[in-house]
Asker: 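Shown below is the structure under consideration.
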Amino acid sequence: MKEISIQMIDRRISSDWWKKIVKYFVQVGDGLEIRFWKEEADEIKQASIYGNPTDENYEVSIKGVVSEQLILELLSEKPKDRSIYNKMTKYFTVNIERGGLKFCSAHYGTEMYFVGVSDDDIAFFKNVMKEYTEEDFSIHICE
């Protein structure tokens, strides 16, 4: 099974790379899970329109289906609280699943994991990331 993992190293990078990847990999109708720390009350409230919240010890999970509205939100948002992380999204973890493809945007989008990617997916990913260096990102592709 082919996999991609990426971790942002340079915290000054814009969110352009993240948005291109989300636009490519996330589709209306995909399975969705958004995870939060319990303290993220505003984000939980905002994301509750996408599914039902479930309390899971230290976290809250919202499960549902990707909508056009969610995709637009992810592609247009500019997280405000960036004092700790250069956040790509306000959501701590976004998990997407479609068929054999699993996509995870973790730590506010500064880490991404893809399992079950195709050769075309890998080619797209490499094309998006070709302008960056090893000082910008740690990237692992298992073909």
Side-chain angles (χ1 to χ4, degrees), residues 1-48 50-51 53-67 69-143:
M1 185 172 295
K2 299 175 184 183
E3 300 178 9
I4 301 170
S5 64
I6 180 170
Q7 181 175 10
M8 189 171 70
I9 297 169
D10 185 343
R11 301 288 187 209
R12 297 168 294 169
I13 300 286
S14 79
S15 63
D16 293 345
W17 68 276
W18 188 85
K19 290 179 180 183
K20 288 175 186 173
I21 291 171
V22 167
K23 187 174 183 179
Y24 177 85
F25 280 100
V26 180
Q27 299 175 9
V28 172
D30 289 349
L32 169 69
E33 178 188 35
I34 305 174
R35 300 188 69 80
F36 309 86
W37 295 113
K38 282 189 176 182
E39 298 81 31
E40 297 176 302
D42 290 341
E43 290 82 358
I44 293 167
K45 182 178 177 182
Q46 291 172 358
S48 292
Y50 304 122
T54 304
D55 191 328
E56 298 178 4
N57 294 325
Y58 299 105
E59 295 181 331
V60 172
S61 172
I62 292 179
K63 295 180 182 178
V65 176
V66 172
S67 66
Q69 182 179 354
L70 174 65
I71 294 172
L72 290 172
E73 178 184 332
L74 292 174
L75 296 177
S76 64
E77 73 176 334
K78 293 182 180 160
K80 295 175 185 167
D81 176 18
R82 296 174 69 177
S83 59
I84 297 174
Y85 284 94
N86 179 16
K87 295 178 180 180
M88 306 294 107
T89 177
K90 66 181 163 251
Y91 300 130
F92 185 73
T93 302
V94 178
N95 294 314
I96 305 290
E97 190 167 346
R98 173 184 351 105
L101 175 67
K102 293 182 181 181
F103 162 87
C104 175
S105 172
H107 292 102
Y108 305 104
T110 61
E111 297 176 21
M112 298 179 99
Y113 306 95
F114 309 83
V115 177
V117 292
S118 69
D119 291 336
D120 289 342
D121 297 336
I122 292 171
F124 171 82
F125 179 84
K126 286 179 176 179
N127 188 52
V128 168
M129 301 310 295
K130 68 184 177 192
E131 67 184 84
Y132 301 103
T133 68
E134 291 177 354
E135 284 101 35
D136 300 326
F137 292 95
S138 173
I139 299 173
H140 298 282
I141 300 174
C142 186
E143 298 183 65

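In this text the structure is predicted, and so the values were computed from the model without any measurement.
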Asker: First locate atom CG of L75, then atom NZ of K20, and finally report the distance between them rounded to the nearest 0.5 Å.
Answerer: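 One finds 12.5 Å between CG of L75 and NZ of K20.
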
Asker: Quick one: do the E77 and T89 side chains pair a donor with an acceptor below 3.5 Å?
Answerer: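 Yes.
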
Asker: Can you name the salt bridge (charged side-chain N to carboxylate O under 4.0 Å, His left out) partners of E40, sequence neighbours left out?
Answerer: none

Asker: Find the distance between CD (Q46) and CZ (F36) and round it off to the nearest 0.5 Å.
Answerer: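 One gets 8.5 Å once the value is rounded to the nearest 0.5 Å.
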
Asker: When you look at F92 and E43, which way does the side-chain contact (heavy atoms from CB on, under 4.5 Å) test go after all the steps?
Answerer: CA-CA 9 Å; F92 185 73; E43 290 82 358; over 6 Å; no

Asker: According to salt bridge (charged side-chain N to carboxylate O under 4.0 Å, His left out), who are the partners of E59, at least two apart in sequence or on a separate chain?
Answerer: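 So E59 forms a salt bridge (charged side-chain N to carboxylate O under 4.0 Å, His left out) with R35.
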
Asker: Run the side chain to side chain contact (heavy atoms under 4.5 Å, CB included) test against E39 and tell me which residues pass, sequence neighbours left out.
Answerer: W37

Asker: What's the spacing between Y132 OH and I6 CD1 if we round to 0.5 Å?
Answerer: 9.0 Å

Asker: Listed by chain and number, what are the ring pair (Phe, Tyr, Trp, His ring centres under 6.0 Å) partners of F124, not counting sequence neighbours?
Answerer: Y24

Asker: May I ask you to decide if N57's main-chain N or O and K38's side chain share a donor-acceptor pair within less than 3.5 Å?
Answerer: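 The answer is yes, because a donor-acceptor pair under 3.5 Å joins these two groups.
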
Asker: Is the number of heavy atoms from other residues, nucleotides or ligands within 6.0 Å of NZ (K19) greater than 12?
Answerer: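 Enclosed.
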
Asker: What residues form a side chain to side chain contact (heavy atoms under 4.5 Å, CB included) with K2, not counting sequence neighbours?
Answerer: V117, D119, I122

Asker: Which atom names give the shortest non-hydrogen contact between S105 and G109, and what distance separates them?
Answerer: OG-CA, 3.2 Å

Asker: For residues V65 and L32, determine if any side-chain heavy atom of one lies less than 4.5 Å from a side-chain heavy atom of the other.
Answerer: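 V65 does not reach L32 side chain to side chain.
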
Asker: Would you give the length of the straight line joining atom OG of S5 to atom CE of M112, rounded to the nearest 0.5 angstrom?
Answerer: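 Answer rounded to 0.5 Å: 11.5 Å.
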
Asker: Does the plane of the ring in F25 sit parallel, tilted or perpendicular to the ring in F114? Use 30° and 60° as the thresholds.
Answerer: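 Geometry flag for F114 against F25: tilted rings.
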
Asker: How long is the straight-line distance from OG of S15 back to CE of M8, given to the nearest 0.5 Å?
Answerer: 9.5 Å

Asker: With sequence neighbours left out, what residues match Y50 under ring pair (Phe, Tyr, Trp, His ring centres under 6.0 Å)?
Answerer: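 If we apply the ring pair (Phe, Tyr, Trp, His ring centres under 6.0 Å) test to Y50, skipping adjacent residues, there are no hits.
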
Asker: Tell me whether S67 contacts the main-chain N or O of L70 through its side chain, where contact means a donor paired with an acceptor under 3.5 Å.
Answerer: yes

Asker: Quick one: are E135 and D10 in side-chain contact, heavy atoms under 4.5 Å?
Answerer: no

Asker: Between Y113 and F103, does the ring centre distance come in under 6.0 Å?
Answerer: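 Ring-ring flag for Y113/F103: false, centres at least 6.0 Å apart.
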
Asker: Would you check, one step at a time, whether the test salt bridge (charged side-chain N to carboxylate O under 4.0 Å, His left out) holds for E73 with K90?
Answerer: CA-CA 10 Å; E73 178 184 332; K90 66 181 163 251; 3.0 Å; yes

Asker: Hey, are E33 and S61 close enough side-chain-wise for a donor-acceptor pair under 3.5 Å?
Answerer: yes

Asker: So T93 and I34, do their side chains get closer than 4.5 Å, heavy atoms only?
Answerer: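 With C-beta onward as the side chain, the pair stays apart.
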
Asker: Can you tell if the side chain of D30 reaches within under 4.5 Å of the side chain of E97, non-hydrogen atoms only?
Answerer: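 Result no, sub-4.5 Å side-chain heavy-atom pair not found.
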
Asker: Within the structure provided, determine whether V115 and M1 are in side-chain contact (heavy-atom separation under 4.5 Å).
Answerer: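 Yes - at least one pair of side-chain heavy atoms lies under 4.5 Å apart.
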
Asker: Between V60 and T54, is there a side-chain heavy-atom distance shorter than 4.5 Å?
Answerer: no

Asker: Quick one: CG on D136 to CD1 on I13, what's the gap to the nearest 0.5 Å?
Answerer: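 Reported to 0.5 Å precision, the distance equals 4.0 Å.
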
Asker: Closest approach of V26 and I71, non-hydrogen atoms and distance?
Answerer: O-CD1, 3.8 Å

Asker: Any side-chain heavy atom of F137 sitting closer than 4.5 Å to one from I9?
Answerer: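 F137 does not reach I9 side chain to side chain.
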
Asker: Please determine whether salt bridge (charged side-chain N to carboxylate O under 4.0 Å, His left out) holds for the pair E131 and K126, giving the CA-CA distance in whole Å, both sets of side-chain angles, and the decisive distance to 0.1 Å.
Answerer: CA-CA 9 Å; E131 67 184 84; K126 286 179 176 179; over 6 Å; no

